[in-house]
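A note on names: the letters A, B, ... follow the listed sequences, proteins ahead of strands, and every chain is numbered from 1.
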Protein chains: 2
Amino acid sequence: MFSRLLASDLKEAGFNVSSARCGDSAMEMIEDYAPDLLMTERSLSGVSGIELTRKLKARTSTRQLPILMLATNSDHVDLARALETGADDFVHKPVSAIELVARARALLRRAKPTTVGERLEYEDIVVEMETLRAFRGGQLLKLGPTEFNILATFVEKPGRVWSRDQLLDVVWGPNTYIDPRTVDVHVGRLRKTLRAHGDGDPFRTIRGAGYALG
Amino acid sequence: MFSRLLASDLKEAGFNVSSARCGDSAMEMIEDYAPDLLMTERSLSGVSGIELTRKLKARTSTRQLPILMLATNSDHVDLARALETGADDFVHKPVSAIELVARARALLRRAKPTTVGERLEYEDIVVEMETLRAFRGGQLLKLGPTEFNILATFVEKPGRVWSRDQLLDVVWGPNTYIDPRTVDVHVGRLRKTLRAHGDGDPFRTIRGAGYALG
DNA sequence: GCGCGCCTTCACAGTTTCTTCACAAACCAC
DNA sequence: GTGGTTTGTGAAGAAACTGTGAAGGCGCGC
């Protein structure tokens, strides 16, 4: 389990910290809370830190999650393995709070370029993830950040039906408490903008279920 | 002076190693040989490792040089300073050869594919990396070092959106603790200068995301 | 030691965007 | 058609974000 002391150091530095009791609960928490960074130890009850790392790096949904591994000095042997399995950085214990915070910050900053230069298309709609611009029929669309994210979500999976709650999860992030009807307003504005730059409304409203593109 | 033992470990791992006797000679060697990576200790005769780091990071020409700092365990106090001045990574001694090699490789991997002596262009903007000068419409721009680096970063990838944190990482170097809003001020000044030497503002502000060129 | 240039922070104003609300419109089942 | 739900949408206040001038600090060259 993650040291209570280190946790309080991190909290003091402004991080929002959650601790898991063991490797298994860590997996659950990661899925539920979608943290920005994971700190783990080599040895955990249940799933080992290395095992946990390997699992997380194997999934697309958590591959981008930066992992910082803590190791005791006797763990030298495992260092190579830890790096190979995908830990992004590691430190030897004992470690000062200042160092831990510094490394955490470095990882977080480095991790940002997650959305690699993708270019999504659906019919006459184009979404450029690198430049954060969207077009319809070649015309640049003026969208707010939230509208852009919603459009990107839809274009990524044309045809898929998204419920309001799912959109809140994906676009706003997990654990946001916002009136689901707010989604209506954003989708409405998005539709309006799209209609103004092309023929017809590419969205479908599925009564009782949500929205879909195409 | 850099440990002869570690040097031989590194050589064995395939690195090409040169050692300097002191901080001053290190500066010279770096200028002469343009190494891909610098390993230094906190304390050196002449210029201290921290001082050396600061100087190298302050210069545009050596800013990209990855620096790995070695520290004894009693150096905890200086750790904060070491990071602040811009060391890219550091390890505590004693350190195993395997870890040193791993960290060195990680740094090199992360290091930017050399942009030495290049000439970057975007529309009427020209950035000469060799002479460290920038022009718009043929006119020489008077820019501070930071502004120059920001401009170079943008011109290198036109259109790409850079978040404030990414810019801090790329321009200021990793492990710098600076208010992200400071980026605004520099970008603002850069814009002002550019506007004064050409038509229009080539930059885009992406609300909630960062800045982009074009 | 001093002036200068550059960097960093801060505060405040101006905008844009978000969220909620209320009501009208659309839809569905009977 | 009627009643009950669900959705579309304009408006408005709230919240968040950015631009910018000014102040203070720091290192560097003279």
Ignoring backbone atoms, test whether A/R191 places a side-chain nitrogen or oxygen under 4.0 Å from the OP1 or OP2 oxygen of D/dG8. yes
Mind checking side chain to side chain contact (heavy atoms under 4.5 Å, CB included) for B/E123 and listing every partner two or more places apart, or none if nothing turns up? none
Using whole Å, report how far CD1 of A/I206 lies from P of D/dG8. 10 Å
Find out whether A/V183 and A/R181 are in side-chain contact, i.e. whether some heavy atom of one side chain is under 4.5 Å from a heavy atom of the other. no
Double-helix bend of the helix from C/dG1-D/dC30 to C/dC30-D/dG1, axes at both ends from 5 pairs, round to 10°, gives 40°
Which pairs, with at least one residue in residues 140-158 of chain A and sequence neighbours excluded, count as a side-chain hydrogen bond (donor to acceptor under 3.5 Å, both in side chains)? A/E147-A/R189
Less than 4.5 Å apart, any side-chain heavy atom of A/L10 and any of A/L100? yes
Side chain to side chain contact (heavy atoms under 4.5 Å, CB included) partners for B/S18, two or more places apart: B/M29
Base, backbone or nothing for each nucleotide of nucleotides 13-19 of chain C, written B, S, -, heavy atoms under 4.0 angstrom, 5' to 3'? --BBSBB
Taking atom P of C/dC6 as reference, at what distance in whole Å does atom CG of B/L151 sit? 15 Å
Counting heavy atoms not belonging to B/N16, are there more than 12 under 6.0 Å from its CG? no
With ring-ring contact (aromatic ring centres under 6.0 Å, His included) as the rule and sequence neighbours excluded, what pairs involving residues 195-214 of chain A come up? A/F154-A/F203
When you check the phosphate oxygens OP1 and OP2 of D/dT6, does a side-chain N or O of A/Y211 lie under 4.0 Å from one of them? no
Measure the distance from CZ on B/R181 to P on D/dC17 and round it to the nearest whole Å. 10 Å
Residues of residues 159-168 of chain A with a heavy atom under 4.0 Å from any atom of DNA chain D, listed by number, are A/R164
Determine, for B/R164 against B/D169, whether the closest basic-nitrogen to carboxylate-oxygen distance falls under 4.0 angstrom. no
Just checking B/G188: base, sugar-phosphate only, or nothing, at a heavy-atom cut-off of under 4.0 Å? nothing
Does anything in residues 193-203 of chain B come within less than 4.0 Å of DNA chain C? Heavy atoms only, and list the residues if so. none
Identify the two heavy atoms, one from A/P180 and one from A/D165, that lie closest to each other, and give their separation to 0.1 Å. CG-OD1, 3.8 Å
Spacing between B/F148 atom CZ and C/dC7 atom P, to the nearest angstrom: 13 Å
Set of residues satisfying side chain to side chain contact (heavy atoms under 4.5 Å, CB included) with respect to A/L140, sequence neighbours excluded: A/R133, A/F135
Applying side chain to side chain contact (heavy atoms under 4.5 Å, CB included) to B/K11 and not counting sequence neighbours gives B/V17
Can you tabulate the close N/O pairs, meaning under 3.5 Å, that link protein atoms to atoms of nucleotides 24-30 of chain D?
none

Residue-phosphate contact under 4.0 Å: B/K192 side-chain N/O, D/dT20 OP1/OP2: no
Should we say atom CG of B/D201 is surrounded by more than 12 heavy atoms from elsewhere, each under 6.0 Å from it? yes
Over how many whole Å does the gap from A/D184 atom CG to C/dA22 atom P extend? 16 Å
Indicate whether OP1 or OP2 belonging to C/dT20 is found under 4.0 Å from a side-chain N or O atom of A/Y177. no
Between the main-chain N or O of A/L68 and the side-chain N or O of A/D89, is there a donor-acceptor pair closer than 3.5 Å? no
Within the side chain of A/D124, is there an N or O that forms a donor-acceptor pair under 3.5 Å with the backbone of A/R136? no
So CG of B/L108 and CG of B/L37: to nearest 0.5 Å the spacing works out to 5.0 Å
The complete set of ring-ring contact (aromatic ring centres under 6.0 Å, His included) pairs with one or both residues in residues 164-187 of chain A, sequence neighbours excluded, reads A/W172-A/H186
